Amino acid sequence: MGFETILFKSDGPVGTITINRPDALNALNSTVFAELYELFDRIAQDQALRVVVLKGAGEKSFVAGADIREMADMSRTQAEARSWNGMRLYDRMRRLPQPLIASIQGYALGGGMLIALACDIRIASTAASFGYPEIKLGIFPGTGGTVLLDRLLGAAAARAICILGERLSAERAWQLGIVSKLVSPGELAAATQEAAATIAGYSPVALRELKRALNASLELDFAAAREIEIEAYGAAFDSQDRQEGMNAFLEKRPPRFIGK
Ligand code: CAA
């Protein structure tokens, strides 16, 4: 697809995106933001893709944050514009109809932890590490990173992570619920593929509507989120896939979901 900073390949229903700036530990510069946005827009239209994996190139780093070299000389206006751009990307990711799995082998720091949090599921190796070190640079995770962490983890844990700026081990991130599955470095690729294959076997309609309900819960108040949940549930219930899932159960055979 001719991108400069990211790679994309698909293997049947599973798409894999690699952020490919290993010399800068895959730091997110404006080209990465723009290219990822464009790619996610295309993926959203591609019904053959049922699940997407996001990873970082090389052994050492998933993503070591936003590109500090690029940010160093920015004005306030440029920094604010860049934050809007980042938030637009993370919203795009959350609203992708397909589930997104972050496969994390190394540093997931600052914007790197944030882009992992914008995925639906995080699978990490025990060599990974997490954290928001921005406070050490005289800023904070102001690309929606404070709000998102607060909503996902709860206020107390989020506050400590933002204010202390400490590095969290993969084990600690797993205890906190940031990481949903923790494996040894040698098992990461297989564990990621296994999760992707499991999700690829589920109904794309149910997954899309489930994500809509989960997003509503993250973004709206209780009553409004429940209204969307019922509406999304109705849409999933109305699908041929739901009929297939229930028929398959009753006929004691595996379901074949078609995404309708
Ligand atoms: N931006 C730009 N370049 C980065 C980078 C970043 N976030 N992180 C690492 N790099 C570059 C380094 O400058 C270095 O480049 P050179 O070889 O040209 O000097 C290269 O990647 C390798 O990095 P190190 O030599 O530093 O590798 P290390 O193993 O000694 O340390 C590290 C690894 C602990 C991750 C360290 O690189 C580091 O602390 N990186 C910065 C982490 C950080 O502060 N992230 C938050 C960024 S701000 C943010 O994300 C903004 C926001 O949310 C709003």
Side-chain angles (χ1 to χ4, degrees), residues 4-7 17-37 40 54-94 100 102-119 122 124-153 157-173 176 178-179 185 188 218:
E4 189 190 313
T5 60
I6 57 176
L7 305 169
I17 302 170
T18 306
I19 299 176
N20 189 29
R21 300 188 68 216
D23 292 347
L25 302 186
N26 305 318
L28 305 171
N29 63 13
S30 17
T31 311
V32 181
F33 279 118
E35 292 188 340
L36 281 176
Y37 194 91
F40 282 121
L54 179 69
K55 57 188 208 146
E59 292 289 305
K60 202 167 155 181
S61 180
F62 171 71
V63 170
D67 192 316
I68 301 170
R69 209 173 290 280
E70 192 183 65
M71 284 193 300
D73 293 325
M74 277 185 186
S75 66
R76 172 181 182 159
T77 313
Q78 288 170 319
E80 287 180 3
R82 188 199 165 89
S83 272
W84 280 116
N85 242 343
M87 284 191 230
R88 210 171 132 253
L89 171 67
Y90 305 136
D91 286 351
R92 183 78 204 81
M93 291 169 66
R94 254 195 322 281
L100 250 168
S103 182
I104 303 163
Q105 87 289 27
Y107 299 119
L109 302 176
M113 180 156 89
L114 179 48
I115 200 167
L117 293 171
C119 296
R122 287 151 292 283
S125 104
T126 46
S129 59
F130 296 79
Y132 275 158
E134 282 91 337
I135 197 69
K136 298 176 189 165
L137 301 168
I139 53 170
F140 66 89
T143 313
T146 57
V147 177
L148 187 61
L149 193 69
D150 195 285
R151 298 274 166 111
L152 287 178
L153 279 199
R159 237 160 233 257
I161 290 170
C162 293
I163 290 175
L164 289 169
E166 283 174 350
R167 192 93 59 81
L168 308 174
S169 66
E171 176 89 12
R172 181 74 190 124
L176 287 168
I178 293 172
V179 167
L188 181 63
L218 193 71

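Each ligand, and each atom within it, is numbered from 1 in the order the structure gives. Bear in mind the structure is a predicted one, so any value in this text is a computation, not a measurement.
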request  = Evaluate the side-chain contact (heavy atoms from CB on, under 4.5 Å) criterion for residues I178 and R172: first the C-alpha distance (whole Å), next the side-chain angles of each, then the deciding distance (0.1 Å), finally the verdict.
outcome  = CA-CA 9 Å; I178 293 172; R172 181 74 190 124; over 6 Å; no

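By the criterion of a heavy-atom distance under 4.0 Å, neither the backbone nor the side chain of E70 is placed next to ligand 1. Residue-level proximity to ligand 1 for L28 is absent, since no heavy atom of it falls below 4.0 angstrom. Residue A64 touches ligand 1 through backbone and side chain together, judged by heavy-atom distances below 4.0 Å. Counting heavy atoms under 4.0 Å from ligand 1, residue R82 does not touch it at all.
Closer than 4.0 Å to atom 54 (C) of ligand 1 lies at least one heavy atom of the protein. Protein heavy atoms are found inside the 4.0 Å sphere centred on atom 44 (O) of ligand 1. In this structure, atom 25 (O) of ligand 1 is not in close contact with the protein, since no protein heavy atom lies within 4.0 Å of it. Distance screen at 4.0 Å: atom 36 (C) of ligand 1 has no protein heavy-atom neighbour inside the cut-off. Protein heavy atoms are found less than 4.0 angstrom from atom 10 (N) of ligand 1. Within the 4.0 angstrom cut-off, atom 17 (O) of ligand 1 has no protein heavy-atom neighbours.
With hydrogens and angles ignored, the 3.5 Å screen pairs no side-chain donor or acceptor of E70 with any backbone N or O of N29. For the pair T18 (side chain) and L7 (backbone), a donor-acceptor distance under 3.5 Å is absent. The backbone N or O of G56 sits less than 3.5 Å from a side-chain atom of Q105, completing a donor-acceptor pair. Side chain of R92 to backbone of Y37: no donor-acceptor contact under 3.5 angstrom is found. Remark: side-chain polar atoms of N26 are paired, donor with acceptor, to backbone N or O of R21 under 3.5 angstrom.
Taking every non-hydrogen atom of R167 and a distance limit under 4.0 Å, the qualifying atoms of ligand 1 come out as 34 (C). Listed by number with element, the atoms of ligand 1 under 4.0 Å from a non-hydrogen atom of D67 are 1 (N), 2 (C).
For atom 39 (O) of ligand 1, the closest non-hydrogen atom on the protein side is L109 CD1, 4.9 Å. For atom 1 (N) of ligand 1, the closest non-hydrogen atom of the protein is I68 N, 2.9 Å.
Heavy atoms of L25 approach ligand 1 to within less than 4.0 angstrom. Residue contacts with ligand 1 do not include N29, since none of its heavy atoms lies under 4.0 Å from the ligand. The closest approach between any non-hydrogen atom of K136 and ligand 1 is not below 4.0 Å. Heavy atoms of A24 come nearer than 4.0 angstrom to ligand 1 in at least one pair.
Counting heavy atoms of neighbouring residues, nucleotides and ligands inside a 6.0 Å radius, atom CD of E59 does not exceed 12 of them.
A salt bridge does not link R88 with D91: none of the charged nitrogens is closer than 4.0 Å to a carboxylate oxygen.
Ligand 1 has a nitrogen or oxygen under 3.5 angstrom from a nitrogen or oxygen of K60. Ligand 1 has an N or O atom lying under 3.5 Å from an N or O atom of G111, backbone or side chain. Checked by distance only, ligand 1 and L137 stay at 3.5 Å or farther apart across all their nitrogen or oxygen atoms.
Remark: the E4 side chain and the T31 side chain contain no N/O donor-acceptor pair separated by less than 3.5 Å.
When the heavy-atom distances from atom 32 (C) of ligand 1 to Y132, Y107, F140 are ranked, the shortest goes to Y107. Here the shortest heavy-atom distance to atom 47 (C) of ligand 1, taken over A66, A108, G142, G131, belongs to A66.
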Mind listing the side-chain donor-acceptor pairs of residues 125-137 below 3.5 Å, one per line with the distance, residues two or more places apart or on another chain?
residue: S125; atom: OG; partner: A127; partner atom: N; Å: 2.9
residue: Y132; atom: OH; partner: G145; partner atom: O; Å: 2.8
residue: K136; atom: NZ; partner: G165; partner atom: O; Å: 3.3

